[in-house]
**Q** 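Can you keep this structure in mind? I'll have questions shortly.
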Amino acid sequence: MSRTKTAGETGRAGTTVTAGPVPATAPARRTAHPRRTGAALWALPPVAALALVFLHPLALVVWQSFSPEDGGHSTAPYATVLAEASFREALTNTVLIAVGATAGALLLGPALSLVIAFVPLPGGRALSRFIDLFLAFPSFLITLALLFLYGSVGMANGLWTDLTGAAHGPLDFLHTPWGVLLAEVTYFTPFVMRPLLAAFSQVETGQVEAAASLGARPWRIVRTVILPEALPSLAAGGALVLVLCLNEFGIVLFTGAKDVVTLPVLVYTKAILDGDYTGACVVAVVNVVLSVALYALYRTLMSRTGGGARPRTGGASDRAGA
């Protein structure tokens, strides 16, 4: 007698004969669409809040930048503002100070991070925690601290006048572009150190010890073992500092450098002091476009270079396999 082959039995030809009903998978597929719809509905409130709080004011600024005082909408405000010498001077100061502060942070940040991460100093862990706390400080607080130290009536000049009897101290640079540059380097260097310290904590100590045992000098270990692993973090910190410096307002204001006018200061001057809201919106749009363009350039370079990361070789898995 012949019998019906059930699911899972194999015939002589090696094929599987299925006689029983096939379990339905359609309900599982039907539930995927409602789940996606629910996720989209949950995403609507934060997207709406973002559009209301951020995108709507930004759109109003852009709209106002194309609205001359005599009515209508045109690009005449841009032609007027871009032709002003004050705008060109502010743009030059903004770029030079931002590039200089970023360069200073990129030089000072890795050096301090290497000392904290690899030199056995007492209180190194507490110093690393202080870096996290430093990121929460407002920029004007650092500027005020520098004024108390190096200002015309600061501690350094007061000590000099007490020792020498001079009427004035030798330090009087905080009201110049060099003072703004010093304040920005001091404030933004921890923004480079924080990602570097996180990257250094992931470096395998075995690689460092192996290089040292082979006779490599400390600088060569840093150059060939440590820094290649930290280059993406260094690039990320540098890009962040550059964008923040382009938009920094508090440091320039609190240093009292009247001759140092940057784009954010020019926005404040046109809007509050001159009452030229259209011109202020034009400068603000240029500042936003410059910041977004630099960030897009950074993202493009990082994507083309693969984030700067290198595949690790000779790790624990390779040594175990050997």
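Numbering of residues begins at 1 and proceeds along the displayed sequence.
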**Q** Over all heavy atoms of both residues, which pair between Gly100 and Val185 is shortest? Give the atoms and the distance, please.
**A**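 Taking Gly100 first and Val185 second, the nearest heavy atoms are O-CG2, 4.4 Å.
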**Q** Quick check: do Pro77 and Phe66 have side-chain heavy atoms less than 4.5 Å from each other?
**A**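 The answer is no; the side chains never approach within 4.5 Å.
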**Q** Does a side-chain heavy-atom distance below 4.5 Å link Ser291 with Asn247?
**A**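 The answer is yes, as the side chains (C-beta and beyond) meet within the 4.5 Å cut-off.
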**Q** Hey, mind stepping through Phe87 and Val286 against side chain to side chain contact (heavy atoms under 4.5 Å, CB included) and telling me if it holds?
**A** CA-CA 10 Å; Phe87 171 79; Val286 172; 3.8 Å; yes
**Q** Can a donor-acceptor pair be found between the side chains of Thr269 and Asp274 at a distance below 3.5 Å?
**A**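 Their side chains do not contain a donor-acceptor pair, so the 3.5 Å distance test is not met.
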**Q** Could you check whether any side-chain N or O of Thr278 sits under 3.5 Å from a backbone N or O of Ser67, counting only pairs where one atom can act as donor and the other as acceptor?
**A**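 Here the side-chain-to-backbone pair exists.
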**Q** Could you report the tightest heavy-atom contact between Thr102 and Leu242, atom names first, then the distance?
**A**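 Taking Thr102 first and Leu242 second, the nearest heavy atoms are OG1-CA, 3.3 Å.
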**Q** Are Tyr187 and Phe137 close enough that their ring centres sit under 6.0 Å apart?
**A**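 Ring centroids of Tyr187 and Phe137 are no less than 6.0 Å from each other.
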**Q** Ignoring hydrogens, what is the shortest heavy-atom contact between Ile251 and Ala183? Give both atom names and the distance.
**A**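 Closest approach of Ile251 to Ala183, heavy atoms only: CG2-CB, 3.5 Å.
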**Q** Taking all heavy atoms of Ser113 and all of Leu197, pick out the closest pair and write down the distance.
**A**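 Taking every non-hydrogen atom into account, O-CD2, 3.7 Å.
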**Q** Once you round to the nearest 0.5 Å, how far does CG of Leu91 lie from CG of Leu96?
**A**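 Between Leu91 CG and Leu96 CG, I get 9.0 Å after rounding to 0.5 Å.
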**Q** Could you check whether atom OH of Tyr150 has more than 12 heavy atoms from other residues, nucleotides or ligands sitting under 6.0 Å from it?
**A**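 Incorrect, the count does not exceed 12.
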**Q** Please answer whether the main-chain N or O of Ala83 pairs with a side-chain N or O of Arg88 as donor and acceptor at a distance below 3.5 Å.
**A**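 Here the side-chain-to-backbone pair exists.
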**Q** Start with the C-alpha gap between Phe188 and Leu244, add the side-chain angles, then the distance that decides, and say whether side chain to side chain contact (heavy atoms under 4.5 Å, CB included) holds.
**A** CA-CA 8 Å; Phe188 289 113; Leu244 291 176; 3.5 Å; yes
**Q** Would you check if Leu246 and Ile97 make a side-chain contact, meaning some heavy-atom pair closer than 4.5 Å?
**A**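 Leu246 does not reach Ile97 side chain to side chain.
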**Q** Is any side-chain heavy atom of Glu69 less than 4.5 Å from a side-chain heavy atom of Asp276?
**A**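 Yes, their side chains come closer than 4.5 Å.
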**Q** If you compare all heavy atoms of Pro57 against all heavy atoms of Val53, which two are closest, and at what distance to 0.1 Å?
**A**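 Looking at all heavy atoms of both residues, the closest pair is CG-O, 3.2 Å.
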**Q** Hey, does Val241 have a side-chain heavy atom less than 4.5 Å from the side chain of Cys245?
**A**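 Counting from C-beta outward, Cys245 and Val241 do come under 4.5 Å.
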**Q** Quick one: does Glu248's side chain have a donor or acceptor within less than 3.5 Å of a partner on Gly250's backbone?
**A**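 Yes, because the side chain of Glu248 sits within donor-acceptor range (under 3.5 Å) of the backbone of Gly250.
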**Q** Would you find a donor on one side and an acceptor on the other, under 3.5 Å apart, between the side chain of Thr176 and the backbone of Phe173?
**A**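 Between the backbone of Phe173 and the side chain of Thr176 there is a qualifying donor-acceptor contact (under 3.5 Å).
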**Q** Is the shortest heavy-atom distance from the side chain of Glu84 to the side chain of Lys270 under 4.5 Å?
**A**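 Yes, at least one pair of side-chain atoms sits under 4.5 Å.
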**Q** If we ignore hydrogens and angles and just use 3.5 Å, is the side chain of Thr94 paired with the main-chain N or O of Leu263 as donor and acceptor?
**A**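 Yes, Thr94 side chain to Leu263 backbone: donor-acceptor pair under 3.5 Å.
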**Q** Minimum heavy-atom separation for Leu266 to Ser86, with atom names?
**A**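 The answer is CD2-O, 4.3 Å.
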**Q** Is any side-chain heavy atom of Leu114 closer than 4.5 Å to one of Val119?
**A**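 No - every pair of side-chain heavy atoms lies 4.5 Å or more apart.
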**Q** Kindly say whether Leu171 contributes a backbone atom to a donor-acceptor pair with the side chain of Asn157 at under 3.5 angstrom?
**A**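 Looks like yes, one N/O pair under 3.5 Å.
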**Q** Could you go through the side chain to side chain contact (heavy atoms under 4.5 Å, CB included) check for Arg223 and Arg217 one step at a time?
**A** CA-CA 10 Å; Arg223 182 171 53 87; Arg217 295 183 176 274; over 6 Å; no
**Q** Please test Val265 against Leu253 for side chain to side chain contact (heavy atoms under 4.5 Å, CB included), starting from the C-alpha separation and ending with a verdict.
**A** CA-CA 8 Å; Val265 175; Leu253 181 66; 5.8 Å; no
**Q** Just wondering, are more than 12 heavy atoms of other shown residues or ligands nearer than 6.0 Å to CZ in Arg220?
**A**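 Atom CZ in Arg220 is not crowded, with 12 or fewer foreign heavy atoms closer than 6.0 Å.
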**Q** For Val261, is there any backbone N or O sitting under 3.5 Å from a side-chain donor or acceptor partner on Asn93?
**A**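 Yes: the side chain of Asn93 pairs with the backbone of Val261.
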**Q** Taking CG in Asp259 as the centre, count heavy atoms belonging to other residues, nucleotides or ligands within less than 6.0 Å. Is the count above 12?
**A**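 Atom CG in Asp259 is not crowded, with 12 or fewer foreign heavy atoms closer than 6.0 Å.
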